[in-house]
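Step one of this worksheet: look at the structure below.
Remember, it's a predicted structure, so these values are computed and weren't measured experimentally. These values consider heavy atoms only, across backbone and side chains, with no hydrogens, waters or symmetry-generated copies. One is the number of the first residue; the rest follow in order along the sequence.
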Amino acid sequence: MADPKGFLTTGREVAKTRPVGERVKDWNEVYVPGSLLPIISKQAGRCMDCGIPFCHNGCPLGNLIPEWNDYAYREDWRAASERLHATNNFPEFTGRLCPAPCESACVLGINQPAVTIKNVEVSIIDKAWDTGDVRPQAPERLSGKTVAVIGSGPAGLAAAQQLTRAGHTVAVYERADRIGGLLRYGIPEFKMEKVHINRRIEQMRAEGTKFRTEVEIGRDIDAAKLRKRYDAVVIAAGATVSRDLPVPGRELNGIHFAMEYLPLANKVQEGDFVAPPITAEGKHVVVIGGGDTGADCVGTAHRQGAASVTQLEIMPRPGDERNPNQPWPTFPMLYKVTSAHEEGGERVYSVSTTHFEGDEDGNVKALHLTEVEFIDGKLTPKPGTERSIPAQLVTLAMGFTGTDQANGLVQQFGLALDERGNVARDADFATNVDGVFVAGDAGRGQSLIVWAIAEGRSAARGVDRYLTGASDLPAPIRPTDRSLMV
């Protein structure tokens, strides 16, 4: 194990963030560059190498956390990277973006602050890139089988990399102009700079994976025809249909889905625009939705120079401590202050939007809301609490309802859907159509990045077995597995 007394002698210390006044003026990652490496070995030494490491249960990837904690403590970075990559294709993504259910399940977290697993993870992979320990792993021989992967988010990329390394010829189809899915255009630069995607894509290209951008299956290529071209197909198109807010005034100008707003800010960083077509500059901004996507909108609005930012959430404010009905090692609903919230703005809980008010030109100018409370298990408006707030830009960040069906992909393949509207699959991640598999949010519904990668790895095993009759690829989860929650 690492330091036998580390959890007793070393307190929890996390990555330092740059001063708010500095970071809101740029789009670089919010953390102080290089601040983790001097402290991370001692932080890894807090791991107790538990007899039953519940962090494994918290993470669907089954990450070998005590093992790479031990290597990081001893500063054996190459061995740590090998153990990290044994279960995770893209630890630089999860180390920056995952909410770390592994830390919620850390045994030390029962009565002390948990091990900084996420910080250790990102330190290991960043060190591995710096030292050249991340190299292409091209297959020794090709199988002669071909696979199309639809979608280049974390699930699609994980499935593609696993299948390429197994010897199959893989082509990834992406409808956007760049590879990465929501990693590319849904995650702001200040949370993850896109260099991390770019160099992983170059590794995959060197291994043999092919990429086709600006090709939407269902519109540009008929899905049924695609199936005839390839020996197998993996659908990893995500759950990209945004949940709408059908209240009076929704048609006003200035009200946008988060996934209409955020990608434009990222395209500025890619050099596509000098200024985004939708901007918060000088405007009163209201973000509807209290989750991570809402926080991304908040941080983006700060950097664009919003006059004010208000984030609305229909549910009550979560507590600072675990609820009794969310015991360890489950993933609790806690009040989170993200880097975007540190930068300013107001957060309002237990409110519901009643309608939008526009000006004479058809632009939104105010949002009307009311406080709500639970009565008989239902959220009910509280009389006399109605009020309005200024709103010149509104972003809807209320989650996603399922995979896109408007482009014809589901109908052209003839895919069966489950009761939640996701693409149905069996124990091997296979759909009702022979040779067509589904991974990630398209089959699971909206979920976390670690689940997407785990789905991609598991679906790859199903595809490999379908193509060859057997597979040595790992399958960390089953389609029916769910988060460690209550």
Side-chain angles (χ1 to χ4, degrees), residues 61 81-82 84-94 125 128-129 132-176 178-181 183-184 196-213 215 217 221 226-227 229-238 428-430 435-440 442-443 449-450 452-477:
L61 285 166
S81 174
E82 186 278 325
L84 187 56
H85 280 102
T87 57
N88 187 351
N89 298 71
F90 313 119
E92 64 271 37
F93 303 164
T94 54
I125 183 56
W129 280 109
D133 286 334
V134 182
R135 302 183 181 91
Q137 299 179 34
E140 293 183 1
R141 60 178 180 269
L142 298 178
S143 68
K145 302 293 185 180
T146 58
V147 182
V149 175
I150 303 172
S152 67
L157 292 179
Q161 186 167 65
Q162 292 294 95
L163 290 167
T164 297
R165 290 175 174 178
H168 308 304
T169 300
V170 180
V172 178
Y173 289 85
E174 169 56 53
R175 63 182 177 180
R178 293 180 177 87
I179 295 298
L183 293 171
R184 173 74 63 181
H196 303 296
I197 303 175
N198 296 340
R199 62 187 179 187
R200 193 58 85 166
I201 296 304
E202 289 309 306
Q203 180 204 33
M204 293 179 66
R205 281 199 173 101
E207 292 171 348
T209 303
K210 310 297 182 185
F211 295 98
R212 307 280 188 265
T213 56
V215 180
I217 307 304
I221 297 178
L226 183 81
R227 174 66 188 92
R229 288 188 196 177
Y230 292 88
D231 295 308
V233 175
V234 178
I235 299 170
D428 285 327
F429 293 81
V436 178
F437 298 75
V438 64
I449 184 173
V450 279
I453 296 173
E455 288 246 343
R457 290 172 65 87
S458 299
R461 177 184 174 90
V463 175
D464 189 36
R465 187 157 55 185
Y466 170 81
L467 294 174
T468 65
S471 180
D472 292 327
L473 293 177
I477 61 170

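Between the side chain of Arg461 and the backbone N or O of Leu473 there is at least one donor-acceptor pair closer than 3.5 Å. A donor-acceptor pair under 3.5 Å links the side-chain atoms of Glu455 to the main chain of Gly440, judged by distance alone.
Closest of all the heavy-atom pairs between Lys145 and Asp231 is CA-OD2, 3.3 Å. The two residues Ala452 and Pro154 make their nearest non-hydrogen contact at CB-CG, 3.8 Å. Of all the heavy atoms in Ile221 and Arg229, the pair that sits closest is CD1-NH1, 4.0 Å. Shortest non-hydrogen contact noted between Met204 and Ala160 is CE-CB, 3.9 Å. The heavy-atom pair separating Ala128 from Ser81 by the smallest distance is CB-OG, 3.5 Å. Of all heavy-atom pairs between His196 and Glu92, the closest is O-OE2, 3.9 Å.
Rounding to the nearest 0.5 angstrom, the gap separating the OG1 atom in Thr169 from the OH atom in Tyr230 is 9.5 Å. Between the CZ atom in Arg212 and the CD1 atom in Ile179 there is a gap of 10.0 Å [rounded to 0.5 Å]. Here the straight-line distance linking atom CD1 of Ile201 with atom CG of Leu183 works out to 9.0 Å at 0.5 Å rounding. Atom CD of Gln203 and atom CZ of Arg135 lie 11.0 Å apart (nearest 0.5 Å). With rounding to the nearest 0.5 Å, the separation of OG1 in Thr146 from CG in Leu467 is 8.0 Å.
Checking Ile453, Val134, Ile125 one by one against Pro91, the side chain to side chain contact (heavy atoms under 4.5 Å, CB included) holds for a single residue, Ile125. Among the candidates Thr468, Val463, Leu142, the single residue satisfying the side chain to side chain contact (heavy atoms under 4.5 Å, CB included) test with His168 is Thr468. Each of Val233, Val172, Val234, Thr164 was evaluated against Val147; a single residue qualifies, Val234, per the side chain to side chain contact (heavy atoms under 4.5 Å, CB included) test.
Of the charged side-chain nitrogens involved, none lies within less than 4.0 Å of a carboxylate oxygen, so that Glu202 and Arg199 do not count as a salt-bridged pair.
The shortest side-chain heavy-atom distance between Arg178 and Ser152 does not fall under the 4.5 Å cut-off. The shortest side-chain heavy-atom distance between Phe90 and Ile197 does not fall under the 4.5 Å cut-off.
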Practice prompt. Would you please test Leu226 and Ile150 for side chain to side chain contact (heavy atoms under 4.5 Å, CB included) and show each step?
Written response: CA-CA 10 Å; Leu226 183 81; Ile150 303 172; 3.8 Å; yes
Practice prompt. Would you sort out whether Asp428 and Tyr466 count as a side chain to side chain contact (heavy atoms under 4.5 Å, CB included), showing the intermediate values?
Written response: CA-CA 9 Å; Asp428 285 327; Tyr466 170 81; over 6 Å; no
Discussion item. Under the criterion side chain to side chain contact (heavy atoms under 4.5 Å, CB included), I'd like the reasoning laid out for Asn198 against Arg184: C-alpha separation, chi angles, the key distance, then a yes or no.
Written reply: CA-CA 10 Å; Asn198 296 340; Arg184 173 74 63 181; 2.8 Å; yes
Worksheet item: Is there a side chain to side chain contact (heavy atoms under 4.5 Å, CB included) between Phe211 and Glu174 once you walk through the steps?
Response: CA-CA 8 Å; Phe211 295 98; Glu174 169 56 53; over 6 Å; no
